[in-house]
**Student:** 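Below is the structure I would like to discuss, written out as structure tokens.
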Protein chains: 2
Amino acid sequence: MYAGLVLFLSFWSFAEGGKLLVLPQDGSHWLSIMRPVVERLRQKGHEIVVVAPEINLRIGLSVHYTIKTYSVPYTREYVEAEFKKMGYRSFTPQPFLEKFSKLANITTMFFDSCKRLLSNKELIKYLEESKFDAVFMDPFFPCGQIVAEHLSLPSVYLVRGLPCSLDFHATLCPNPPSYIPRFFTRYTDRMTFLQRVGNLIASLSSSLACSFLYSPYDGLIKEFLQQEATVLELFSHTSIWLMKYDFVFEYPRPLMPNMVLIGGISCTQEKALSQVLWRYTGEAPPNLPKNVKLVKWLPQNDLLAHPKTRAFITHGGSHGVYEGICNAVPMVLMPLFGDQMDNAKRVESRGAGLTLNILEMTSKDISTALKAVINDKKYKENIKRLSDLHLDRPIHPLDLAVHWVEFVMRHKGAPHLRPAAHDLNWIQYHSLDVIAFLLAVVLLSLFISLKCCLFSVLQSLGKILV
Amino acid sequence: MYAGLVLFLSFWSFAEGGKLLVLPQDGSHWLSIMRPVVERLRQKGHEIVVVAPEINLRIGLSVHYTIKTYSVPYTREYVEAEFKKMGYRSFTPQPFLEKFSKLANITTMFFDSCKRLLSNKELIKYLEESKFDAVFMDPFFPCGQIVAEHLSLPSVYLVRGLPCSLDFHATLCPNPPSYIPRFFTRYTDRMTFLQRVGNLIASLSSSLACSFLYSPYDGLIKEFLQQEATVLELFSHTSIWLMKYDFVFEYPRPLMPNMVLIGGISCTQEKALSQVLWRYTGEAPPNLPKNVKLVKWLPQNDLLAHPKTRAFITHGGSHGVYEGICNAVPMVLMPLFGDQMDNAKRVESRGAGLTLNILEMTSKDISTALKAVINDKKYKENIKRLSDLHLDRPIHPLDLAVHWVEFVMRHKGAPHLRPAAHDLNWIQYHSLDVIAFLLAVVLLSLFISLKCCLFSVLQSLGKILV
């Protein structure tokens, strides 16, 4: 039996390596998830070309890939300032619309970057001539799919989640608002009636927000691909969605066959540390206790793995939360922006941590929360249970991610995983035409029967009267 | 990185083996899928107890498990006769209702068997005292879940599909009739308008058929578990559904987190054969050609794996179809009953085989179909493509099945995979109450605005007139 298994798994190793085009998104998405996958693919003998804007924060040179850059209309200082502003803004209360308009700044930066990429004739020519097998990309930077379409290449996405459930819209994945909380609502999967009302409204209104965010791309698609299509339509063409999802963290929900869950991909138990440390880049305060050590950077996962680590103070980014789960460390969460409030809510609803409001908390609040997660055994028990479930998996998420990128490279996509629902319009998908037809048939039958009855009654009456 | 991976995988091996209760369904379901999983679990050190009716066709003694039997109110001759009748009936045209009533015969047999099992005080006492970790069962024989509930044990199901989409109802898995063809309809995932009408009607009417088939169990549940519940409700409690599903064969559709796809579980490439054979148990016909060899039984998978095997004549059972896909052999399908017509349609819609109607076909039809699948290259190409996709998987389905049974044994279930939708009623799930509320709010606001307008207009008019 095992002979067969070994045969299958080895059967598919590439005789010669393939060639992969990578279009990452700058920042932690690249550092914590995409780069490890790319490095492993390189180790497996594939040639990797990474395309990135000349001005970027985290995508540097590497022995693992060839990097091709293109010029952009902004400076490094501008990018750094924008990201810093985003951080500072988190510490100031702001109305939602203002926050949203600031998000639009970053979106505009991505859009400008995309325009420059597509108009870079030399780079596009190089890509056309390179004969790639597939494109591996982060759809948060939607430009990648336009490049994939232009090169007629299948694509694999790596994603935590997209604004306005765009990932679920694009895959036609059912997404009932009755028990699947929308991002930014901070609801759990168990909602009161009014929360369900709020969730449905959030679901409807976020679609509006998305058309605003992504509409500029329609023109770019028309110009560069010579076709009328929206970003959503292009997204629906991708072969595989590698989703940073695991149900110890996310709420259980329907999935589609081309979604592969790789939550916890960076969870590995590495070298042990033996000190207690504090990352801090400013000047050391004079009253620093002896048991607090300040450092500029430390390997967070290794620190969390230390048996003496009792609690984890985190801003609630999904990477950090997964590392906390991986190492079974209860959390005190101080969410700042983006999905972090929702992440914090998820951890809290599992009884594995406590959330503090960074705008209102006092030092007493921090101390109370820390004491609670350290001394109240239920937090440790809950995070331990989540961690046990999370780590008990048949294959490591990194191997799974590598397998599916290679799958798409080998088979030029995964068309057998694409549901026929993509060929239906909205009315057909929901069987509204069929229901209308059946109703019409029933009503017509009723009407005819009634008419017949009436007619025969009238005739009988007529006969009697005559 | 790999050190971490190895650590995770080995971390979870049982210090001592667990104890598993198995409630199989007789016939090919047991032989081809469930038994290999049970044998592998035994090899991994678990103690296995199989509970089966005294009168059964395929569940024999084995070194791999302890078998506990219970008496049933029918004889071996009756069971054999019923199954034979089912076979013979396939060769005679019959109206649907008559076929359905014959299916009810088998269902009654299962029900009687269940009653005897539950009233067998000695066996139930033994099960209560045995301290199992989990129940592994085939839900086609729904009695198993009643036993699991009585013993307060988590359960794992192994299933191809249940009547009336009961598996999708029980898991609250979205199942749109617009592109997911219902069993017995012989539709593909691409339906015309009238087919979609038929599919919706099939979907609605099958629910009726199922309440008929399963209603007898309601009384049994009340009597034995002292609670008011339907089979559907009990099914919704199971932890993991191991589904004999693979999207080279099934049409892509939504899934739930507790569904694990193990289609192709019996696909292993074993010893090669070197002859051409024909299984036949009757008297050899005198005009048998020299290149046809008759045998009573042969290892079908090994035969299909022979490089000279050009075509596969099959009745279209799902096991056989998966073996055909596994070994990339184009098929001529002669479906008899159950899901076989639908299976044949799936293979045909992929261009990997041809279907014949066993009630109408002539020897010329067989010869034409065989020549077509052998000589027309497209059939071989299509089945080769499906086979390549099918075999390119990150983990063998047998290992996946074993992992998830052990997972449920280790963690006493998989509650983190259970969607919160189970706590909602039908109206809440579909947000109908929320929609009604929002409509009411909109209408009320309109009404009040209108009233206000009218009032102020009337007042103005009054002033003017005064």
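The sequence lines fix the lettering, A, B, ..., with proteins before strands; numbering per chain opens at 1. No hydrogens, no waters, no symmetry mates; every other heavy atom, side chains included, goes into these values.
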**Student:** Name, in order of residue number, those residues of residues 255-262 of chain A that have a heavy atom at a distance of less than 4.5 Å from a heavy atom in chain B; otherwise write 'none'.
**Tutor:** A/L255, A/M256, A/P257
**Student:** Considering only heavy atoms, which portion of B/D423 lies under 4.5 Å from any heavy atom of chain A: side chain, backbone, both, or neither?
**Tutor:** side chain
**Student:** Apply side chain to side chain contact (heavy atoms under 4.5 Å, CB included) to the pair B/V434 and A/N199, showing each step before the final yes or no.
**Tutor:** CA-CA 10 Å; B/V434 172; A/N199 204 45; over 6 Å; no
**Student:** Might you point out which heavy atoms bring A/H403 and B/R393 nearest each other, and give the distance in Å?
**Tutor:** CE1-C, 3.4 Å
**Student:** Please set out all donor-acceptor pairs under 3.5 angstrom arising from side-chain atoms of residues 412-422 of chain B, sequence neighbours excluded.
**Tutor:**
from	atom 1	to	atom 2	distance (Å)
B/K412	NZ	B/D133	OD1	3.1
B/R418	NH1	B/S236	O	2.6

**Student:** Over all heavy atoms of both residues, which pair between A/L389 and B/F407 is shortest? Give the atoms and the distance, please.
**Tutor:** CD2-CZ, 3.5 Å
**Student:** How long is the span from the CG atom in A/D433 to the CZ atom in B/F193, to the nearest 0.5 Å?
**Tutor:** 5.0 Å
**Student:** Using the rule given for side chain to side chain contact (heavy atoms under 4.5 Å, CB included), can you reason through B/D399 versus A/I395, listing the C-alpha separation, both sets of side-chain angles and the distance that settles it, and then say yes or no?
**Tutor:** CA-CA 10 Å; B/D399 293 309; A/I395 181 168; over 6 Å; no
**Student:** Just by distance, no angles: are the side chains of A/D388 and B/H411 close enough, under 3.5 Å, to form a donor-acceptor pair?
**Tutor:** no
**Student:** Using heavy-atom distances under 4.5 Å, tell me whether B/Y251 contacts chain A through its side chain, its backbone, both, or neither.
**Tutor:** neither
**Student:** Quick one: what part of B/I201 sits under 4.5 Å from any heavy atom of chain A, side chain, backbone, both or neither?
**Tutor:** side chain
**Student:** Which one, A/P174, A/P177, A/P254, A/S431, leads in non-hydrogen pairs under 4.5 Å with chain B?
**Tutor:** A/P254
**Student:** Report which part of A/R253 has an atom under 4.5 Å of a heavy atom belonging to chain B: side chain, backbone, both, or neither.
**Tutor:** backbone
